> 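Have a look at this one before I ask anything.
Please read these numbers as outputs of a predicted model, since none were measured by experiment.
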Amino acid sequence: RSFARSLLRFLGFTFWGSIVAQAFGGVWVILMFKNYGYLFQESYLSLPGWLALATALILLPTGVLAVSISVKCSRNQQGTLMYLLLLLLCLAMSSAALAHSYCVRTASQLESAVGYLVHQHNWTCSQDPGNSAVDVIQRKLQCCGVHNYTDWLKASSSSWYHPACVPESCCKEKNSHCRGDLGHVEELSEEGCLKKLEDQLCFAMLYLFWCCAVLCILVLLAGVSNGILMRHQPFHYLRIL
(Lines give C-alpha, C1' and ligand atoms only; values in the text may rest on other atoms or scores of the structure.)
Protein backbone atom coordinates (compact mmCIF):
# COMPACT_ATOMS: atom_id res chain seq x y z
CA ARG A 1 0.00 0.00 0.00
CA SER A 2 2.82 2.44 0.80
CA PHE A 3 4.45 1.62 -2.52
CA ALA A 4 1.14 2.28 -4.30
CA ARG A 5 0.88 5.67 -2.56
CA SER A 6 4.42 6.62 -3.54
CA LEU A 7 3.93 5.46 -7.12
CA LEU A 8 0.63 7.34 -7.42
CA ARG A 9 2.26 10.52 -6.09
CA PHE A 10 5.11 10.17 -8.60
CA LEU A 11 2.67 9.53 -11.44
CA GLY A 12 0.66 12.58 -10.41
CA PHE A 13 3.69 14.83 -10.89
CA THR A 14 4.53 12.97 -14.10
CA PHE A 15 1.06 13.72 -15.45
CA TRP A 16 1.70 17.42 -14.93
CA GLY A 17 4.93 17.14 -16.88
CA SER A 18 3.14 15.21 -19.61
CA ILE A 19 0.83 18.18 -20.19
CA VAL A 20 3.65 20.05 -21.91
CA ALA A 21 4.57 17.10 -24.15
CA GLN A 22 0.95 16.44 -25.15
CA ALA A 23 0.14 20.11 -25.77
CA PHE A 24 3.32 20.62 -27.78
CA GLY A 25 2.65 17.55 -29.92
CA GLY A 26 -0.98 18.52 -30.47
CA VAL A 27 -0.22 22.10 -31.50
CA TRP A 28 2.64 20.90 -33.70
CA VAL A 29 0.42 18.49 -35.65
CA ILE A 30 -2.43 21.01 -35.98
CA LEU A 31 -0.14 23.77 -37.29
CA MET A 32 1.63 21.31 -39.59
CA PHE A 33 -1.55 20.34 -41.42
CA LYS A 34 -2.77 23.93 -41.35
CA ASN A 35 0.37 25.14 -43.14
CA TYR A 36 0.26 22.33 -45.70
CA GLY A 37 -3.53 22.05 -45.93
CA TYR A 38 -3.48 22.65 -49.69
CA LEU A 39 -1.65 19.35 -50.16
CA PHE A 40 -4.39 17.25 -48.56
CA GLN A 41 -8.07 16.98 -49.37
CA GLU A 42 -9.10 15.59 -45.97
CA SER A 43 -9.73 18.13 -43.23
CA TYR A 44 -9.72 15.56 -40.41
CA LEU A 45 -5.98 14.80 -40.55
CA SER A 46 -5.37 17.18 -37.65
CA LEU A 47 -7.72 15.14 -35.41
CA PRO A 48 -4.84 13.45 -33.50
CA GLY A 49 -3.59 16.91 -32.54
CA TRP A 50 -6.97 17.96 -31.15
CA LEU A 51 -7.23 14.70 -29.21
CA ALA A 52 -3.79 15.38 -27.75
CA LEU A 53 -4.91 18.84 -26.61
CA ALA A 54 -7.98 17.33 -24.96
CA THR A 55 -5.69 14.82 -23.26
CA ALA A 56 -3.49 17.64 -21.97
CA LEU A 57 -6.52 19.38 -20.43
CA ILE A 58 -7.66 16.24 -18.62
CA LEU A 59 -4.14 15.52 -17.35
CA LEU A 60 -4.25 18.58 -15.08
CA PRO A 61 -7.12 17.47 -12.78
CA THR A 62 -5.90 13.88 -13.03
CA GLY A 63 -2.51 14.86 -11.63
CA VAL A 64 -4.15 16.88 -8.85
CA LEU A 65 -6.32 13.93 -7.82
CA ALA A 66 -3.41 11.48 -7.96
CA VAL A 67 -1.28 13.63 -5.64
CA SER A 68 -4.23 14.29 -3.34
CA ILE A 69 -5.14 10.60 -3.04
CA SER A 70 -1.52 9.71 -2.26
CA VAL A 71 -1.72 12.03 0.77
CA LYS A 72 -5.25 11.33 1.98
CA CYS A 73 -7.49 8.68 0.49
CA SER A 74 -11.04 9.66 -0.36
CA ARG A 75 -13.54 7.27 -1.88
CA ASN A 76 -15.08 9.99 -4.08
CA GLN A 77 -11.67 11.14 -5.30
CA GLN A 78 -10.58 7.57 -6.00
CA GLY A 79 -13.69 6.91 -8.07
CA THR A 80 -13.32 10.18 -9.97
CA LEU A 81 -9.68 9.38 -10.67
CA MET A 82 -10.62 6.01 -12.11
CA TYR A 83 -13.09 7.64 -14.50
CA LEU A 84 -10.50 10.22 -15.59
CA LEU A 85 -7.87 7.53 -16.10
CA LEU A 86 -10.26 5.54 -18.28
CA LEU A 87 -11.02 8.66 -20.33
CA LEU A 88 -7.31 9.41 -20.69
CA LEU A 89 -6.63 5.86 -21.82
CA CYS A 90 -9.29 6.09 -24.53
CA LEU A 91 -8.05 9.47 -25.75
CA ALA A 92 -4.37 8.49 -25.75
CA MET A 93 -4.97 5.19 -27.55
CA SER A 94 -7.18 6.87 -30.16
CA SER A 95 -4.64 9.62 -30.76
CA ALA A 96 -1.77 7.12 -31.07
CA ALA A 97 -3.70 4.88 -33.50
CA LEU A 98 -4.75 7.84 -35.68
CA ALA A 99 -1.25 9.35 -35.68
CA HIS A 100 0.28 6.07 -36.86
CA SER A 101 -2.31 5.45 -39.59
CA TYR A 102 -2.26 9.07 -40.83
CA CYS A 103 1.52 8.95 -41.13
CA VAL A 104 1.18 6.08 -43.62
CA ARG A 105 -1.75 7.71 -45.42
CA THR A 106 -0.16 11.13 -45.88
CA ALA A 107 3.03 9.57 -47.30
CA SER A 108 1.02 8.03 -50.15
CA GLN A 109 -0.82 11.29 -50.89
CA LEU A 110 2.15 13.63 -50.84
CA GLU A 111 3.82 12.39 -54.03
CA SER A 112 0.75 12.99 -56.19
CA ALA A 113 0.02 16.33 -54.51
CA VAL A 114 3.55 17.73 -54.89
CA GLY A 115 3.81 16.32 -58.41
CA TYR A 116 0.59 18.09 -59.37
CA LEU A 117 1.88 21.42 -58.04
CA VAL A 118 5.11 21.04 -60.02
CA HIS A 119 3.33 20.23 -63.31
CA GLN A 120 0.84 23.08 -62.86
CA HIS A 121 3.54 25.67 -62.14
CA ASN A 122 4.27 28.17 -64.90
CA TRP A 123 7.69 29.71 -64.65
CA THR A 124 10.17 31.51 -66.86
CA CYS A 125 13.86 32.27 -66.58
CA SER A 126 13.43 35.61 -64.86
CA GLN A 127 14.34 37.20 -61.58
CA ASP A 128 10.82 36.83 -60.24
CA PRO A 129 11.08 34.47 -57.24
CA GLY A 130 7.42 33.43 -57.47
CA ASN A 131 4.89 33.11 -54.67
CA SER A 132 2.99 29.96 -55.64
CA ALA A 133 2.50 27.05 -53.24
CA VAL A 134 5.40 25.06 -54.65
CA ASP A 135 7.71 28.10 -54.46
CA VAL A 136 6.81 28.60 -50.81
CA ILE A 137 7.53 24.93 -50.05
CA GLN A 138 10.86 24.96 -51.90
CA ARG A 139 12.08 28.10 -50.15
CA LYS A 140 10.90 26.97 -46.73
CA LEU A 141 12.32 23.44 -46.90
CA GLN A 142 15.29 24.23 -49.15
CA CYS A 143 14.33 21.59 -51.69
CA CYS A 144 13.77 21.38 -55.44
CA GLY A 145 11.17 19.40 -57.37
CA VAL A 146 9.50 16.21 -56.23
CA HIS A 147 12.64 14.05 -56.01
CA ASN A 148 15.25 16.51 -57.39
CA TYR A 149 15.60 19.38 -59.87
CA THR A 150 15.16 17.06 -62.89
CA ASP A 151 11.43 16.92 -62.13
CA TRP A 152 11.17 20.46 -63.45
CA LEU A 153 12.68 19.34 -66.76
CA LYS A 154 10.11 16.55 -67.00
CA ALA A 155 7.34 19.04 -66.26
CA SER A 156 8.49 21.40 -69.02
CA SER A 157 8.91 18.57 -71.55
CA SER A 158 5.12 18.21 -71.74
CA SER A 159 4.75 21.79 -73.02
CA TRP A 160 6.15 23.79 -75.95
CA TYR A 161 8.32 25.90 -73.62
CA HIS A 162 11.60 24.29 -72.54
CA PRO A 163 13.46 26.67 -70.23
CA ALA A 164 17.12 26.16 -69.41
CA CYS A 165 16.42 26.88 -65.76
CA VAL A 166 14.32 25.94 -62.78
CA PRO A 167 12.32 28.26 -60.47
CA GLU A 168 14.47 30.50 -58.33
CA SER A 169 12.92 29.00 -55.21
CA CYS A 170 15.18 26.00 -55.90
CA CYS A 171 18.26 28.09 -55.13
CA LYS A 172 20.16 27.60 -51.90
CA GLU A 173 19.91 30.42 -49.37
CA LYS A 174 23.66 31.06 -49.38
CA ASN A 175 23.67 31.69 -53.14
CA SER A 176 21.99 35.08 -53.40
CA HIS A 177 23.08 35.51 -57.02
CA CYS A 178 21.43 32.25 -58.12
CA ARG A 179 18.79 32.56 -60.84
CA GLY A 180 17.94 28.86 -61.28
CA ASP A 181 20.35 28.40 -64.20
CA LEU A 182 20.91 24.71 -65.00
CA GLY A 183 24.47 25.56 -65.93
CA HIS A 184 25.18 26.00 -62.19
CA VAL A 185 23.55 22.96 -60.66
CA GLU A 186 25.71 23.29 -57.54
CA GLU A 187 23.73 26.42 -56.62
CA LEU A 188 20.45 24.45 -56.48
CA SER A 189 19.04 22.48 -53.58
CA GLU A 190 19.92 18.82 -53.99
CA GLU A 191 17.06 17.12 -52.13
CA GLY A 192 13.52 16.85 -53.40
CA CYS A 193 10.54 18.25 -51.52
CA LEU A 194 8.75 14.91 -51.21
CA LYS A 195 11.26 13.34 -48.83
CA LYS A 196 11.53 16.46 -46.68
CA LEU A 197 7.77 16.81 -46.40
CA GLU A 198 7.38 13.12 -45.52
CA ASP A 199 10.11 13.35 -42.88
CA GLN A 200 8.61 16.49 -41.35
CA LEU A 201 5.02 15.25 -41.22
CA CYS A 202 5.85 11.71 -40.08
CA PHE A 203 8.26 12.97 -37.41
CA ALA A 204 5.49 15.08 -35.89
CA MET A 205 3.07 12.15 -36.05
CA LEU A 206 5.57 9.68 -34.58
CA TYR A 207 6.40 12.12 -31.78
CA LEU A 208 2.72 12.30 -30.90
CA PHE A 209 2.39 8.51 -31.22
CA TRP A 210 5.18 7.78 -28.73
CA CYS A 211 3.95 10.46 -26.31
CA CYS A 212 0.53 8.82 -26.27
CA ALA A 213 2.00 5.31 -26.03
CA VAL A 214 4.08 6.26 -22.98
CA LEU A 215 1.07 8.02 -21.46
CA CYS A 216 -1.02 4.85 -21.84
CA ILE A 217 1.55 2.93 -19.77
CA LEU A 218 1.56 5.63 -17.08
CA VAL A 219 -2.24 5.66 -16.98
CA LEU A 220 -2.35 1.88 -16.53
CA LEU A 221 0.17 2.10 -13.67
CA ALA A 222 -1.89 4.84 -12.02
CA GLY A 223 -5.02 2.74 -12.39
CA VAL A 224 -3.36 -0.26 -10.75
CA SER A 225 -2.01 1.89 -7.90
CA ASN A 226 -5.38 3.50 -7.33
CA GLY A 227 -7.04 0.08 -7.40
CA ILE A 228 -4.68 -1.22 -4.72
CA LEU A 229 -5.54 1.73 -2.47
CA MET A 230 -9.25 1.22 -3.09
CA ARG A 231 -8.91 -2.45 -2.19
CA HIS A 232 -7.34 -1.56 1.15
CA GLN A 233 -10.15 0.90 1.86
CA PRO A 234 -13.40 -1.05 1.38
CA PHE A 235 -16.85 0.47 1.70
CA HIS A 236 -17.97 0.78 5.33
CA TYR A 237 -21.30 2.48 4.85
CA LEU A 238 -23.53 0.16 2.84
CA ARG A 239 -26.90 1.02 4.43
CA ILE A 240 -27.64 3.38 1.53
CA LEU A 241 -27.95 0.31 -0.69
Side-chain angles (χ1 to χ4, degrees), residues 14-63 87-118 120-121 129-147 167-173 189-216 218-219:
T14 305
F15 286 154
W16 290 342
S18 301
I19 295 175
V20 179
Q22 289 288 327
F24 175 75
V27 172
W28 188 8
V29 170
I30 292 171
L31 292 179
M32 187 79 66
F33 283 102
K34 182 179 180 180
N35 294 333
Y36 299 113
Y38 47 84
L39 296 175
F40 307 100
Q41 298 179 353
E42 296 85 354
S43 59
Y44 56 81
L45 292 176
S46 60
L47 181 58
W50 291 109
L51 290 178
L53 289 181
T55 303
L57 291 176
I58 300 175
L59 278 172
L60 181 60
T62 305
L87 183 58
L88 280 175
L89 186 63
C90 293
L91 286 173
M93 291 181 65
S94 300
S95 183
L98 290 176
H100 185 270
S101 62
Y102 287 176
C103 179
V104 178
R105 181 178 298 182
T106 54
S108 61
Q109 294 181 0
L110 275 176
E111 185 170 6
S112 59
V114 178
Y116 176 79
L117 291 178
V118 169
Q120 293 297 317
H121 189 278
N131 292 312
S132 65
V134 67
D135 287 317
V136 173
I137 293 176
Q138 290 186 150
R139 281 196 297 269
K140 184 177 181 180
L141 300 180
Q142 283 295 287
C143 57
C144 187
V146 182
H147 301 284
E168 291 185 25
S169 55
C170 285
C171 296
K172 298 178 181 178
E173 289 184 347
S189 299
E190 300 174 358
E191 288 190 73
C193 296
L194 178 62
K195 185 179 183 303
K196 287 198 171 185
L197 280 172
E198 286 181 351
D199 292 343
Q200 197 173 45
L201 291 173
C202 282
F203 184 76
M205 286 294 189
L206 289 178
Y207 169 84
L208 189 59
F209 169 81
W210 285 112
C211 283
C212 293
V214 172
L215 181 62
C216 287
L218 298 178
V219 167

> A56 and I19: which non-hydrogen atoms are nearest, and at how many Å?
O-CG1, 3.7 Å
> Would you call the rings of H100 and F209 parallel, tilted or perpendicular, taking 30° and 60° as the class edges?
tilted
> If I compare all heavy atoms of A92 with all of C212, which pair ends up nearest, and what's the gap?
O-CB, 3.3 Å
> Hey, does W16 have a side-chain heavy atom less than 4.5 Å from the side chain of L59?
no
> Shortest non-hydrogen contact from D135 to P167?
OD1-CB, 3.7 Å
> Could you walk me through whether L215 and C211 pass side-chain contact (heavy atoms from CB on, under 4.5 Å), step by step?
CA-CA 6 Å; L215 181 62; C211 283; over 6 Å; no
> Considering non-hydrogen atoms only, spot the tightest contact between L201 and Y36 and give its length.
CD2-CD1, 4.4 Å
> Identify, with sequence neighbours excluded, every residue that meets side-chain hydrogen bond (donor to acceptor under 3.5 Å, both in side chains) alongside K195.
D199
> Output the distance between atom CG (L45) and atom OG (S101), rounded to the nearest 0.5 Å.
9.0 Å
> What residues, two or more places apart in sequence or in another chain, satisfy side chain to side chain contact (heavy atoms under 4.5 Å, CB included) together with L87?
I58, L91
> Output the distance between atom CD (Q142) and atom NZ (K196), rounded to the nearest 0.5 Å.
6.5 Å
> What heavy-atom pair brings M93 and C216 nearest, and what distance separates the two atoms?
CG-SG, 3.5 Å
> How would you list, by chain and number, every residue that makes a side chain to side chain contact (heavy atoms under 4.5 Å, CB included) with L47, sequence neighbours excluded?
L51, L98
> Work out which heavy atom in L218 is nearest to a heavy atom in S18; give both atom names and the distance.
CD1-OG, 4.2 Å
> For the cysteines C170 and C144, is the SG separation below 2.5 Å?
yes
> To the nearest 0.5 Å, how far apart are CZ in F15 and CG in L88?
6.5 Å
> Would you compute the distance between atom CH2 of W50 and atom OG1 of T55 and round it to the nearest 0.5 angstrom?
13.0 Å
> Working to the nearest 0.5 Å, report the span between CG of L208 and OH of Y102.
12.0 Å
> I need the M32 CE to N35 CG distance, nearest 0.5 Å.
8.0 Å
